[in-house]
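Keep in mind that the numbers below use all heavy atoms, side chains included, and drop hydrogens, waters and symmetry copies. Just so we're on the same page: letters track the sequence lines, and every chain starts at 1.
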Number of protein chains: 2
Amino acid sequence: MITSRTTTWELARSTPLFSAVGEAVMSRLMRGALVQVLPKGAVLFEEGAEANFVHLILSGSVGLTASAGKPDSTVVEIFRDGELFVAPAAILELPYLVSAVVLADSRILFLPADNFRAALDAEPKLARAMVNVLARHWRLLVEQIKDLKLRQAAERLAAFLVAQAEAAGGPAAAAAGKPVGKEGAAPGAPAGSASGGASTIALREPRNMLAARLGMTPESLSRAFAQLEAEGVVSEGRAVHIADLARLRRYCALEG
Amino acid sequence: MITSRTTTWELARSTPLFSAVGEAVMSRLMRGALVQVLPKGAVLFEEGAEANFVHLILSGSVGLTASAGKPDSTVVEIFRDGELFVAPAAILELPYLVSAVVLADSRILFLPADNFRAALDAEPKLARAMVNVLARHWRLLVEQIKDLKLRQAAERLAAFLVAQAEAAGGPAAAAAGKPVGKEGAAPGAPAGSASGGASTIALREPRNMLAARLGMTPESLSRAFAQLEAEGVVSEGRAVHIADLARLRRYCALEG
DNA sequence: CTTTTCGCTTGATTTTTGTCAAGCACATCC
DNA sequence: GGATGTGCTTGACAAAAATCAAGCGAAAAG
């Protein structure tokens with residue numbers, strides 16, 4: 001691909017990592033790096049393997065899956081555009097605890113781990129940026145553990161939907177809550193209104209993936225959606241309409 | 001209180017953080033810091049509160065608990081001597097996602113968060129050290145999520161016991177180790193030499209805490225111990241004897 | 001156009017876990 | 001000594017979720 005190089009740089013430039021470390025450090029990181037355009041289903045690395053790369057998602061999405069020796073597997077977390085993973089294995093020179101599977105056609109930058117570690121020691125800006133990345137990631141998992149341990153299936157789904165709606169509506173348009181008409185469900189960023197009112201979001205993964213991420217079976221997820229209808233949640237395909245965000249928030253906090 | 005200062009420094013000196021950042025950075029971190037000797041049950045901070053400190057455990061142990069608005073609460077993780085927490089909240093200037101409760105009488109260093117953040121920017125060694133701490137902590141939670149999502153109660157307990165036995169037997173060769181009444185184990189072969197044999201470990205927390213950490217009720221934990229008797233696990237009070245570590249490892253991987 | 005496949009839902013049933021209640025060993029307190 | 005609590009276990013029961021088994025509609029393949 002002739003455009004591969006330039007596109008890669010453009011995309012890399014728009015990641016939070018780049019903003020944090022700047023051009024010099026970024027180009028150092030990219031020494032020996034390779035870009036891959038991978039189709040859905042491709043496996044970046046396997047649980048238990050040596051961590052030879054740190055991965056940066058230029059576009060697309062990747063699921064971190066694990067099976068822990070059992071026949072079936074689950075999804076630990078899902079990462080999207082701009083995210084860097086799985087640094088901990090590479091940094092500590094330990095085997096991956098998870099596998100990484102491409103969930104939607106993706107362009108992924110493979111940064112050699114040894115080079116990454118060297119840069120971590122030599123470039124304070126990189127270390128500082130990684131602290132923020134890892135701190136943010138820690139909080140993702142803490143939230144998830146809280147969900148798994150003290151909420152039941154339908155509540156976990158509710159909490160997830162609330163988080164999606166907030167992520168979609170919050171940062172970008174925190175404007176006054178408005179009648180949210182069903183706009184074409186944009187695949188990139190779900191639309192939604194902020195705190196109070198109604199919101200329509202788009203599920204960005206197939207339901208079996210969502211189920212695994214939420215720690216339940218697809219059947220249970222289906223039933224969880226059915227339960228949430230009583231709370232004003234309607235799902236049609238990938239679009240989910242929430243009639244009253246505040247009510248749903250109340251539901252996951254107080255129910256049980 | 002006269003000895004408090006010196007003891008504090010001695011203890012602080014023996015933490016991994018100190019080894020990583022050195023004396024200069026450490027003393028910078030300790031500007032405005034305070035030491036507290038806290039009894040079991042003391043609360044360091046509450047879920048949802050502003051993160052004004054980063055905490056370093058000089059001695060003792062602390063549980064990270066959460067309730068997510070529900071009446072009952074759970075334990076997300078337990079930290080011990082030398083551990084630093086909860087940096088992510090302080091670093092990102094976000095509210096704590098968990099509360100921290102002292103589990104055994106502890107001496108804890110409170111490092112002011114704003115000072116910590118400033119040091120993070122100014123001292124590359126600190127940033128680099130935090131990267132390792134956070135990377136290690138990430139892996140703790142990933143393991144836990146895997147357990148919660150794909151193992152059932154008894155298997156989670158088994159996995160926990162195996163990890164304990166490995167931690168005790170592996171790194172420091174157990175040496176003097178734990179004076180756990182039951183000698184039992186293979187003669188000459190102290191605690192779980194990572195591969196095969198027998199091992200005796202001491203539970204370091206009351207069972208209700210362990211249950212919460214493992215994501216189950218105390219009743220379920222009790223039954224899980226009963227189930228594991230069939231796998232050669234005998235527990236008497238806080239001492240747990242594992243007849244065959246390899247068998248237990250097989251049990252958590254393959255059972256299902 | 002027809003057939004197959006896939007993603008999802010629904011129902012019936014079983015397994016797992018939580019809840020409620022009782023009881024025991026052991027400590028502390030009066 | 002006896003009363004009171006606490007930590008843990010056990011049993012009976014209820015709730016939650018997984019599993020097994022169809023079934024349906026839409027997209028993909030023939």
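Proximity note for B:Glu219 (side chain, C-beta onward) versus C:dG18, C:dA21, D:dA21: the nearest is C:dA21.
Using a 30° and 60° split on the angle between ring planes, B:Trp138 and A:His137 fall in the tilted class, from 30° to 60°. Ring pair A:His55/A:Phe110 is perpendicular by interplanar angle, where above 60° counts as perpendicular and below 30° as parallel.
OP1 and OP2 of C:dT16 both lie 4.0 Å or more from every side-chain N or O belonging to B:Arg223. A sub-4.0 Å separation between OP1 or OP2 of D:dA18 and a side-chain N or O of A:Thr217 is present. OP1 or OP2 of C:dG18 has at least one side-chain nitrogen or oxygen of B:Ser220 nearer than 4.0 Å.
Taking atom CZ of residue A:Phe225 and atom C1' of nucleotide C:dT10, one finds them 16 Å apart after rounding to whole Å. Going from atom CD of B:Glu229 over to atom P of D:dT10 covers 8 Å, rounded to whole Å. Between B:Arg151 atom CZ and C:dT16 atom C1' the separation is 17 Å, expressed in whole Å. Taking atom CG on B:Leu148 and atom P on C:dT17, their separation rounds to 11 Å, with Å as the unit. Atoms CD (A:Gln152) and P (C:dT19) sit 9 Å apart, rounded to a whole Å. As a whole-Å value, the separation of B:Leu221 CG from D:dG7 C1' is 12 Å. Atom-to-atom, CG of B:Leu210 to P of D:dG7 comes out at 15 Å; the value is rounded to the nearest Å. For A:Arg238 and C:dG7, the CZ to P distance is 10 Å, given to the nearest whole Å.
The residue among A:Gln227 and B:Glu205 whose nearest nucleotide of DNA chain D lies closer to the 5′ end is B:Glu205.
A donor-acceptor contact shorter than 3.5 Å links the side chain of A:Arg151 to the backbone of A:Cys252.
Remark: B:Arg139 fails to qualify as a cation-pi partner of A:Tyr96 under the 6.0 Å distance and 45° angle criteria applied to the six-membered ring.
Evaluated for a side chain to side chain contact (heavy atoms under 4.5 Å, CB included) with A:Leu38, the options A:Val43, A:Asp105, A:Leu44 yield exactly one hit, A:Leu44.
Residue A:Gly237 is out of contact with every strand shown, counting any heavy-atom pair closer than 4.0 Å.
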